[in-house]
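The structure under discussion appears below in the form of structure tokens.
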2 protein chains.
Amino acid sequence: MAFKSLSQPRIRLADQVYDQIMQAIRDGSISTEDRIVQEKLADEFEISRTPIREALFRMEQEGILELAGRGGFRIRKLDEAEIAEMYGARSAIEGSAARMLAEAGDKATCAALRARITRAEDMTENTVQAYFDANRSIHRAIVEATRNRFLLEFFDNIWNRGSSFTLFASIQFVDLSKSLGDHMSLIDAIETGDGWAAAEKMILHIHDGKELQMRGL
Amino acid sequence: MAFKSLSQPRIRLADQVYDQIMQAIRDGSISTEDRIVQEKLADEFEISRTPIREALFRMEQEGILELAGRGGFRIRKLDEAEIAEMYGARSAIEGSAARMLAEAGDKATCAALRARITRAEDMTENTVQAYFDANRSIHRAIVEATRNRFLLEFFDNIWNRGSSFTLFASIQFVDLSKSLGDHMSLIDAIETGDGWAAAEKMILHIHDGKELQMRGL
DNA sequence: ATTGAGAATACTGTATACAGTATACTACCA
DNA sequence: TGGTAGTATACTGTATACAGTATTCTCAAT
């Protein structure tokens with residue numbers, strides 16, 4: 001049997017709607033001021049409200065949207081306390097990931113991560129968005145390397161949240177080459193095999209990002 | 001004006017359905033074999049499919065249910081690898097929580113946690129369910145004490161998952177008084193103020209639970 | 001007894017219709 | 001001009017209706 005299964009697992013409208021709205025939030029077509037109304041979206045997409053509702057509720061549950069009484073949904077804004085907690089959660093997840101990788105002590109994984117970092121650093125365009133994507137993809141690769149689906153899910157949850165698109169990315173204040181170099185020394189720490197040291201390094205790295213972020217507010 | 005606000009934030013049917021199904025899974029009224037069909041539930045609840053769908057999709061997203069083609073949803077079963085990852089994720093979340101608490105070094109919090117543990121230990125009935133609840137509530141209190149909403153959310157996500165109701169609770173093999181005593185020494189470790197030591201203690205404690213669990217499989 | 005065609009069934013996903021309620025709008029009265 | 005009553009509007013949540021598609025079932029043919 002050389003045929004690929006034709007059964008398309010699911011091409012639900014709700015999924016497509018989800019992706020598109022997500023994209024719209026990312027590129028700023030939907031701002032934090034905008035009200036997000038089911039009927040409006042249904043009109044735009046030229047489908048019924050049902051799949052829209054589904055996508056919207058999903059985003060609410062993920063903490064990306066919040067509902068504003070009868071005024072529909074809106075993008076969830078994070079206050080300063082919540083942003084701090086976010087960085088705390090990142091420390092927990094990504095710090096633990098670093099620890100686990102160090103304890104696992106797999107050279108091949110480290111090599112792969114290094115390659116990944118080099119590739120991510122090699123940005124063609126020098127925009128905030130590009131830097132954000134590169135940074136995210138590096139951090140994600142580290143969590144991914146633990147092969148722990150839960151951690152990866154939590155990682156994505158955090159990074160998708162609210163306006164975190166712009167969060168974590170106050171590039172205007174950051175020395176690009178330094179930041180990216182930091183990632184390599186993160187792998188160094190992992191490679192030594194000392195779990196706690198690796199975790200600490202990661203936590204400090206995230207803390208640096210937080211300082212930068214907070215200064216930008 | 002002596003009247004209490006009547007505005008009930010939201011009493012959506014979907015929420016009630018969610019709670020009830022959750023409860024049914026917990027107490028075993030719905031088993032992993034059962035197919036969960038929207039229409040059937042709608043009949044039982046005597047409401048339309050719409051709120052049922054919403055609740056079901058929410059549970060799917062939380063990883064509690066999975067959909068089985070046209071056969072509706074079913075309870076998601078975890079394979080051994082996934083269970084291991086689950087414990088890994090617990091180590092990350094709860095270990096980090098212990099570290100954070102230790103670093104914060106708040107005596108009052110520790111005292112409150114001790115009180116909580118004593119209270120939780122004081123079980124009236126000696127069932128698996130009671131032990132599970134007590135254990136969960138103790139661990140949850142520790143995460144709660146970090147006042148980090150993300151960590152708490154992730155904690156709940158893990159503990160609500162799949163058949164984790166019975167997971168984490170292989171009481172038949174466990175020495176109750178020892179296990180519960182362990183919790184106190186966990187607080188001891190936190191109280192010393194050494195973040196890494198506290199994290200390690202928590203991770204070991206969780207590891208013990210895992211060993212127990214795996215033996216039971 | 002097995003196989004295959006065709007119909008019946010049992011689901012889902014999507015669209016539409018309806019009812020209720022908070023907000024916005026208007027016009028009247030002080 | 002300010003405030004209030006009454007009405008229109010703009011939303012949501014829920015119910016219902018419809019279409020499509022796997023699955024299961026039935027039954028005849030080999």
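Below, read A as the first sequence line, B as the second, and so on, with proteins coming before strands; counting in each chain starts at 1.
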**Message:** If I take atom CZ in residue R74(A) and atom C1' in nucleotide dT12(D), what distance separates them, rounded to the nearest angstrom?
**Reply:** 15 Å

Are any protein N/O atoms closer than 3.5 Å to N/O atoms in nucleotides 16-18 of chain C? If there are, list each pair with its distance.
none

**Message:** Taking salt bridge (charged side-chain N to carboxylate O under 4.0 Å, His left out) as the criterion, tell me which of R149(A), R90(A), R140(A), R161(A) meets it with D156(A).
**Reply:** R140(A)

**Asked** dT14(D) C1' sits how many Å from Q16(B) CD, rounded?
**Response** 13 Å

**Item:** Atom pair distance, as rounded to whole Å: CD in E46(A) and C1' in dA15(C)
**Value:** 14 Å

**Prompt:** Can you check whether I21(B) reaches L56(B) side chain to side chain, under 4.5 Å on heavy atoms?
**Reply:** yes

**Request:** Run the salt-bridge test on E54(A) and R53(B) with the 4.0 Å N-O cut-off and return the result as yes or no.
**Result:** yes

**Request:** Look at the rings of H183(A) and H139(A) and say which category their plane angle falls in: under 30° parallel, 30 to 60° tilted, over 60° perpendicular.
**Result:** perpendicular

**Asked** When the ring planes of F57(A) and F73(A) are compared, do they come out parallel, tilted or perpendicular, using 30° and 60° as the limits?
**Response** perpendicular

**Distance, rounded to the nearest Å, where I36(A) contributes CD1 and dT12(D) contributes P** = 11 Å

**Request:** Using whole Å, report how far CD of E60(B) lies from C1' of dT12(C).
**Result:** 13 Å

**Message:** Closer than 4.0 angstrom, basic N to acidic O: yes or no for E144(B) and R136(B)?
**Reply:** no

**Message:** Less than 4.0 angstrom from a charged side-chain N to a carboxylate O is my criterion; do E82(B) and R76(B) meet it?
**Reply:** yes

**Request:** Just jot down the ring pair (Phe, Tyr, Trp, His ring centres under 6.0 Å) partners of F150(B), sequence neighbours excluded, or say none.
**Result:** none

**E54(A) CD - dT12(D) C1' separation (whole Å)** = 17 Å

**Request:** Calculate the interatomic distance between I52(B) atom CD1 and dG13(D) atom P; express it in whole Å.
**Result:** 16 Å

**Item:** salt_bridge(E44(A), K40(A)) N-O dist < 4.0 Å
**Value:** no

**Prompt:** Which of the following nucleotides, dT14(C), dT14(D), dG13(C), is nearest to the side chain of L13(A)?
**Reply:** dT14(C)

**Item:** Of residues 37-45 of chain B, the positions that come close to DNA chain C - non-hydrogen atoms, cut-off under 4.0 Å
**Value:** V37(B), Q38(B), E39(B), K40(B)

List every contact pair, protein side and nucleotides 19-21 of chain C side both N or O, where the distance is under 3.5 Å.
none

**Request:** Calculate the interatomic distance between R12(B) atom CZ and dA15(D) atom P; express it in whole Å.
**Result:** 13 Å

**Item:** All ring pair (Phe, Tyr, Trp, His ring centres under 6.0 Å) counterparts of Y18(A), not counting sequence neighbours
**Value:** none

**Message:** Are the side chains of Q61(A) and E62(B) in contact, using a 4.5 Å heavy-atom criterion?
**Reply:** yes

**Complete:** Of all heavy-atom pairs linking N160(A) and I64(A), the shortest is O-CG1, 3.5 Å

**Message:** Can you give me the bend angle of the helix from dA1(C)-dT30(D) to dA30(C)-dT1(D)? Use the axis through the first five pairs and the one through the last five, nearest 10 degrees.
**Reply:** 10°

**Prompt:** Should the pair R74(A)-E66(A) be classified as a salt bridge under the 4.0 Å nitrogen-to-oxygen rule?
**Reply:** yes

**Message:** Could you check whether D15(A) pairs with R58(A) (Lys NZ or Arg NE/NH1/NH2 to Asp/Glu carboxylate O, under 4.0 Å)?
**Reply:** yes

**Message:** Of the options dG13(C), dA15(D), dG13(D), whose atoms approach the side-chain atoms of F57(A) most closely?
**Reply:** dG13(D)

